[in-house]
Each structure stands twice: as structure tokens, then as C-alpha cells.
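Written below as C-alpha cells is the structure these notes are about.
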Amino acid sequence: MATINDNYLKLKAGYLFPEIARRVNTFVEGNPEAKIIKLGIGDVTEPLPEACRTAMIKAVEDMGDRSTFKGYGPEQGYGWLREKIAAQDFQARGCDIDASEIFVSDGAKCDTGNILDIFGKNNKIAVTDPVYPVYVDTNVMAGHTGETNDKGEYDGLVYLPISAENNFIADIPTEKVDLIYLCFPNNPTGATATKAYLKAWVDYAKANDSIIFFDAAYEAFITDDSLPHSIYEIEGAKDCALEFRSFSKNAGFTGTRCAFTVVPKQLTAKASDGSEVELWKLWNRRQSTKFNGVSYIVQRGAEAVYSEAGKAQIKALVDFYLENAKIICDKLKSAGFEVYGGVNAPYIWLKTPHDLSSWDFFDKLLQTTNVVGTPGSGFGAAGEGYFRISAFNSRNNVEEAMKRITEQFKV
Ligand code: MLT
């Protein structure tokens with residue numbers, strides 16, 4: 001009989017968001033009249049920017065004409081998109097990133113998991129707690145951990161706790177780790193990182209020969225000019241960091257799928273014989289073998305993000321969700337909730353009222369207000385007692401959800 005990857009048996013029963021969907025579906029089966037408002041998974045609700053749609057329609061027409069038809073594209077993405085990303089997302093901010101260092105993909109979630117293909121089995125890996133669960137689960141799948149303890153922590157991972165006590169900013173570890181996942185603006189807490197804080201991580205990584213996996217999927221939500229959008233705004237980061245970006249949350253591409261990963265050419269890690277190998281070469285090899293690129297049509301849509309019209313439309317979209325976040329923060333605070341994030345970030349992180357556990361608050365909120373959020377404990381043991389509300393929804397739904405919650409809960 002064929003055998004399986006036993007590491008999958010170490011995973012907790014289900015991935016967080018399908019588990020939430022399962023509980024909501026069960027509730028709806030018993031309560032078909034309930035008007036559910038979903039502020040759980042960070043999935044966008046507003047239509048794609050007009051500039052992106054127009055570009056994709058034109059690209060469909062290109063595919064209908066032999067002279068402009070496209071078959072397989074470059075696995076790394078089309079040059080015209082990579083050039084715009086490099087120029088506008090990085091060089092315009094003073095980051096010396098070349099188009100050849102950009103790898104266009106179908107998602108930052110996929111890339112943060114897939115990147116483990118090019119790393120060895122014996123790295124010491126650090127994650128914050130709470131954390132975006134994909135970082136942990138993909139390491140479990142790859143066999144980089146042992147089993148969980150009774151708190152749900154995997155043996156072999158280094159957990160860096162974040163909570164209100166440290167403003168949701170992890171202390172730089174005193175021990176040496178090889179790979180570190182950082183996400184700013186943070187999912188799930190909505191915390192942001194200053195340049196000084198990222199510099200401390202870059203200094204740590206360079207001193208310890210570590211690699212930082214910097215997830216900047218929410219950088220478009222930064223409105224404070226003093227905050228860095230990219231880790232490459234920090235001197236020396238090209239020697240020690242990869243960066244993941246996405247069009248999902250700024251341009252509404254969660255269903256359209258386009259993202260990119262930056263792998264600087266000078267970034268290296270050690271082979272088992274002690275030699276230093278360029279990660280760019282390995283990722284390029286991995287992508288050209290396992291990936292055939294994002295569709296031409298979608299890449300044309302992503303390219304339109306960088307047009308003048310696209311930039312204005314994306315700013316309007318991001319501003320819309322940020323206004324939702326402000327409404328959520330204001331209303332919850334006025335009802336006495338302890339609220340974090342929601343500024344420079346689309347996620348609001350709150351302390352559950354009356355010391356309810358995260359899942360108990362989830363169930364109570366669902367049953368009494370028909371509003372869905374995300375239990376903080378789903379992001380890690382230190383998320384227990386917290387809860388995440390996403391600002392990705394229509395204005396009507398956000399206002400209605402806040403009305404229901406503030407009527408129901410007085411903290
Ligand atoms: C979330 O809700 O945390 C995000 O939607 C996850 C994702 O982008 O994959």
C-alpha cells in the first residue's frame with residue numbers, strides 16, 4: 001500500500017478558516033432566517049478596480065487574435081509587470097530591487113508555503129504567537145516540527161509571544177534562529193513596525209546568518225508616512241530578507257489571484273557541504289519546474305494597478321476599508337471593548353469581553369448577533385482571549401454588525 005506524508009497527521013483538525021465556515025454553516029442550517037455578516041476571513045467584498053477590469057478585457061481580446069495570442073508565459077512573470085513592480089513599489093521608495101528579483105505568482109499564501117521547498121530540514125524557525133497560521137502549518141507539513149503540546153504549540157518551533165504587554169511587537173530573540181517570519185502590517189493583530197524595529201531584526205539576521213521572511217501583503221494600508229512599506233527600506237535587508245507581496249488586499253484580487261515574491265540576488269544560505277548558495281537560483285529553479293506562471297490576462301490586470309487611474313482607484317478601495325476599520329474601532333471602543341490595530345491595517349484585534357475564551361466569544365457572537373469574526377486562539381496559543389474582526393466588507397454590513405454587537409455587549 002502507498003504511504004502518506006505522516007506530518008499531515010500532526011496538523012490540528014482543520015485549517016482555521018474552513019473550520020469557521022463549517023461552524024457558520026452548521027449554525028445557518030439550524031437558523032436559516034439568520035442574516036449572517038462575515039467579518040471573519042479577510043476576504044475583500046468591493047468590485048475590482050475599473051482600470052484592472054478594462055486591462056483584463058483588453059487582454060481577453062488579445063487572446064482572441066492570433067497576432068497577440070499568448071501561450072505559456074515566463075514562469076517568473078512578464079517583464080512589463082516585473083519592471084513596473086520594481087520601479088514603483090521599490091525603486092520609488094529608494095529600495096534597490098531589480099525587476100529580475102521579482103517573481104510573480106498566484107498568491108502570497110502559496111509563496112510563503114512553497115518557499116520552504118528551497119530550505120533545509122534542520123533550520124531553527126521562529127514565528128510570532130499569534131501568527132498567520134499558514135506559516136506554522138506549512139512547516140508542519142514539511143516535517144520541520146514535532147507534535148503539539150497541550151497548548152497547541154509545535155515542538156521544534158520558536159514562538160515569540162506578542163500581546164498587549166509588548167504592544168504586539170515581538171522581542172528580538174536572544175537565541176539564534178535561522179528563519180524568521182515577520183508580517184507587517186500584522187495579520188492578525190493589525191500592529192505595525194517602525195524602521196527602527198525592522199532595523200533591529202535586520203541587524204539580528206545579519207549577525208546570526210538568519211533569513212527573514214517578510215510578509216508585506218497589507219503594506220497598502222499604511223497611511224503613516226514614517227512607517228516602512230518594505231523591509232528593503234532598511235539598509236542591509238537585501239542580504240537577509242525575502243519579501244512577499246500581494247494584489248489581493250489592495251486591488252481586490254483574492255479571487256483573481258496575483259502576487260509576487262522578492263528574492264534578492266545577493267541572498268544566500270548554506271548547502272550541507274558548507275558552500276553558500278544563492279537563493280534566487282534555487283527559487284528560480286523551483287518556480288520554473290513547479291509553476292507555469294500567472295495567466296496573461298491576470299498579469300495585465302495587475303499591471304493596471306500601476307497606471308495613474310489604477311493607483312487612484314486602489315487608493316479609494318484601501319481608504320474605503322480603512323474607514324470601515326475606523327468605524328469598527330470607534331464603535332467597539334465606545335462599547336467598552338479593549339481594541340488594537342485597525343489603523344494602518346485592515347484588522348481589528350480585541351480582547352474578548354468578560355474573559356471569554358476566543359471560541360466561546362465566537363459562538364456567542366454568532367448566536368446572539370449573527371456576526372462572524374475569527375477567534376484569536378486560531379492564530380496560536382497566545383491569541384487565546386483575543387478576537388479578530390476584519391474590515392473587509394460593505395459599509396452597510398460593517399455598520400449593521402457594529403450596531404448589533406454594541407447593542408448586545410456592554411463591556
Ligand atoms: C486572513 O483572513 O487571515 C486572510 O484572508 C488570509 C489570507 O489572505 O490567506
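Numbers here simply count residues along the sequence, with the first being 1. For ligands, and for the atoms within them, numbers begin at 1 and follow the listed sequence. Here the structure is a predicted model, which means the values were calculated and not measured.
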**Prompt:** If you count the atoms of ligand 1 from 1 in the order shown, which ones are under 4.0 Å from a heavy atom of Ile41?
**Reply:** 2 (O), 5 (O)

**Asked** Is Glu308 salt-bridged to Lys311, cutoff N-O under 4.0 Å?
**Response** yes

**is_close_aromatic(Phe247, Phe260), centroid dist under 6.0 Å** = yes

**Message:** With a heavy-atom distance limit of 4.0 Å, tell me whether Tyr347 approaches ligand 1 through its side chain, its backbone, both, or neither.
**Reply:** side chain

**Message:** So if I count the atoms of ligand 1 from 1 in the order they appear, which ones are less than 4.0 Å from some heavy atom of Asn187?
**Reply:** 1 (C), 3 (O)

**Prompt:** Any side-chain heavy-atom pair from Phe184 and Leu227 closer than 4.5 angstrom?
**Reply:** no

**Asked** Quick one: which ligand 1 atoms are inside 4.0 Å of a heavy atom on Phe17?
**Response** 1 (C), 2 (O), 3 (O)

**Closest approach of any protein heavy atom to atom 8 (O) of ligand 1, naming residue and atom** = Lys249 NZ, 2.8 Å

**Prompt:** Near Arg388, which atoms of ligand 1 are under 4.0 Å from a heavy atom of that residue?
**Reply:** 1 (C), 2 (O), 3 (O)

**Request:** Keeping the roles fixed (side chain from Arg300, backbone from Ala55), state whether a donor-acceptor pair exists under 3.5 Å.
**Result:** no

**Fill in**
For atom 9 (O) of ligand 1, the closest protein heavy atom turns out to be Tyr132 OH, 2.5 Å

**Message:** For the residue pair Asp62 / Tyr296, report whether a side-chain donor-acceptor contact shorter than 3.5 Å exists.
**Reply:** yes

**Message:** Using a 3.5 Å cut-off on N or O atoms only, is Gly42 in polar contact with ligand 1?
**Reply:** yes

**Prompt:** Does the side chain of Tyr347 pick up a donor-acceptor pair with the side chain of Tyr218 at under 3.5 Å?
**Reply:** yes

